[in-house]
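What you are looking at is a predicted structure, and each value in this text was computed from that prediction instead of being measured.
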Amino acid sequence: MPLSTHADRFARLALANITREYPNFPAHLITSADEAHAPRTLHPAFYGAYDWHSSVHMHWLLVRLLRRHGGTPALPESARAVAVLDRHLTPGNLAVEAAYLRAHPSFERPYGWVWLLVLAAECRALGGENGARWAAALEPAVAAVDGLLAGWLPKATYPVRHGNHPNSAFALGLALDSGELSAETDSAVRERLLAWFADDHDAPAHWEPSGQDFLSPALSEADAVRRVLPAERFAAWLDRFLPALRTGAPCAPLDVPVVSDHADPQIGHLLGLTLSRAAALRSLADALPDGPARARLTAAAEAHLAAGLPAVERGDFTTDHWLATFAALALDPAGER
């Protein structure tokens, strides 16, 4: 099922969210009674969609949909999307965002950082007058993220492995995909991923999922390693890391999670898990030769996607503000992510 099937619906969701300032959950430490802390003041570009990272990746979704439709009126919301993006992605707004990132070096580390890189990459890929204008406006913020990553990686002795925003593997995998890193930072990311994960084996996959995961620790790690090892070495690594794929034994990340309360903001994360797993499972399957492991991964990806897609738009802001992004990642072919 292609992303284009859902383009109109996802575009309306993205537009509704990135222009909605409240409710808002700012990750901002207020240091004095006199400090301005309204979302639009702190983040003139990314004030909507409940929190900063969701705003950034819903902007990405909107640009992605424009690119899939060539930026033409074939997308009914095209004119409105361009107008909103023009209001948000201005040099002045992005200069404020870049300054905020530099002044708060642990803010949104690394998840939000990396979505900003992916947004810039999508603008660049869109091309044309619009894409070039937005990509140019984003350059100071991209440079800020590159510098923050370069400063943080040597100190990141251990990866964060749990299935929430700070997960190291998911973020650094997306950072590599973006192509927005400097050569030095790209090399540092690859070295850190190998240092963290190259010797891993027998992942405790039976621990998954935790009660509020929206990422799979095992699959996120495997998908990151896929990006930094040659295909034949990766296949051997994956066999050691998740031997159940070869033996046919039960493997918890292949099982669709039970979501008992879609409206609960934390339990509802498991809806995102269905979609992020679908994306990782497809990418991992594409990286393997034909065989039982590839077949199991492909079947599991389809099952997760079928479970997650109906939840993308429910009229409930707790999930509507972010799920469509992960649906887009799951729907797109691996080669285009």
Side-chain angles (χ1 to χ4, degrees), residues 111 159-174 177 193 196-229 231 234-260 262 266-311 322-323 325-332 334 337:
Y111 181 81
V160 176
R161 297 178 182 268
H162 64 65
N164 267 275
H165 305 89
N167 183 280
S168 303
F170 178 80
L172 294 193
L174 278 185
D177 287 352
L193 286 172
W196 284 336
F197 302 134
D199 294 331
D200 281 2
H201 56 88
D202 298 305
H206 59 286
W207 289 354
E208 295 193 26
S210 291
Q212 56 191 43
D213 282 352
F214 70 92
L215 300 169
S216 162
L219 297 180
S220 294
E221 176 176 338
D223 207 20
V225 173
R226 170 187 65 81
R227 292 164 165 100
V228 295
L229 285 182
F234 172 69
W237 179 92
L238 186 63
D239 189 48
R240 295 192 304 273
F241 186 65
L242 289 173
L245 291 177
R246 171 179 48 81
T247 64
C251 186
L254 305 188
D255 299 331
V256 176
V258 175
V259 187
S260 61
H262 289 202
Q266 299 304 324
I267 296 174
H269 271 180
L270 295 166
L271 295 167
L273 180 63
T274 66
L275 296 167
S276 68
R277 277 185 178 178
L281 288 162
R282 288 185 67 188
S283 293
L284 295 172
D286 289 345
L288 296 180
D290 289 336
R294 179 170 181 154
R296 289 187 76 189
L297 291 167
T298 300
E302 293 171 355
H304 278 79
L305 185 60
L309 272 180
W322 67 285
L323 274 181
T325 299
F326 284 85
L329 290 178
L331 287 163
D332 269 347
R337 281 201 294 275

Under 3.5 Å, side chain of H269 to main-chain N/O of Q212, donor-acceptor pair present? yes
Looking only at heavy atoms, what is the nearest atom pair of A252 and E208, with distance? CB-O, 3.6 Å
Less than 4.5 Å apart, side chain to side chain, heavy atoms only: is that true for D239 and L245? no
What are the two closest heavy atoms between P166 and V160, and how far apart are they? O-CB, 3.4 Å
Mind listing the closest non-hydrogen atom pair of A169 and A224 along with its distance? O-CB, 3.6 Å
Between F234 and W237, how do the two ring planes meet: parallel, tilted or perpendicular, split at 30° and 60°? parallel
Work out which heavy atom in L309 is nearest to a heavy atom in A327; give both atom names and the distance. CD2-CB, 3.9 Å
Could you report the tightest heavy-atom contact between A203 and L242, atom names first, then the distance? CB-CD2, 4.1 Å
When rounded to the nearest 0.5 Å, the distance separating CZ of F214 from CG of N167 is 8.0 Å
Do D223 and L284 pass the side chain to side chain contact (heavy atoms under 4.5 Å, CB included) test, and can you show the C-alpha distance, the side-chain angles, and the key distance before you say yes or no? CA-CA 6 Å; D223 207 20; L284 295 172; 4.1 Å; yes
Report yes if some heavy atom in the side chain of S276 is under 4.5 Å from a heavy atom in the side chain of L329; otherwise report no. no
Could you give me the CA-CA distance, side-chain angles and deciding distance for W207 and H162, then say whether ring-ring contact (aromatic ring centres under 6.0 Å, His included) is met? CA-CA 11 Å; W207 289 354; H162 64 65; over 10 Å; no
Between OG on residue S220 and CG on residue L172, distance to nearest 0.5 Å: 11.0 Å
Yes or no on side chain to side chain contact (heavy atoms under 4.5 Å, CB included) for I267 and H262, after CA distance, side-chain angles and deciding distance? CA-CA 7 Å; I267 296 174; H262 289 202; over 6 Å; no
For A330, is there any backbone N or O sitting under 3.5 Å from a side-chain donor or acceptor partner on R282? yes
Measure the spacing between CG of L238 and CD of E221 and express it to the nearest 0.5 Å. 10.5 Å
Step through the shown structure and confirm whether more than 12 heavy atoms of other residues, nucleotides or ligands are within 6.0 Å of CG on D199. no
So, the side chain of R296 versus the backbone of A244: is there a donor-acceptor pair under 3.5 Å, distance only? yes
Between NE2 of H304 and CG of L273, what distance do you get to the nearest 0.5 Å? 6.0 Å
Can you tell me how far the CG atom of L323 sits from the OG1 atom of T274, to the nearest 0.5 Å? 7.5 Å
Plane angle bin for Y111 and F326 - parallel if under 30°, tilted between 30 and 60°, otherwise perpendicular: parallel
Which atom pair, heavy atoms only, marks the closest approach of L270 to S210? CD2-O, 3.6 Å
When you look at D213 and N164, which way does the side chain to side chain contact (heavy atoms under 4.5 Å, CB included) test go after all the steps? CA-CA 6 Å; D213 282 352; N164 267 275; 4.1 Å; yes
Looking at A280, is its backbone amide N or carbonyl O close enough to the side chain of S283 to form a donor-acceptor pair, meaning the two atoms are under 3.5 Å apart? no
Distance check, rounded to the nearest 0.5 Å: D286 atom CG versus L297 atom CG? 10.0 Å
Without swapping roles, check the side chain of R277 against the backbone of D255 for a donor-acceptor pair under 3.5 Å. yes
Note, L275 side chain near L305 side chain (heavy atom, < 4.5 Å): yes
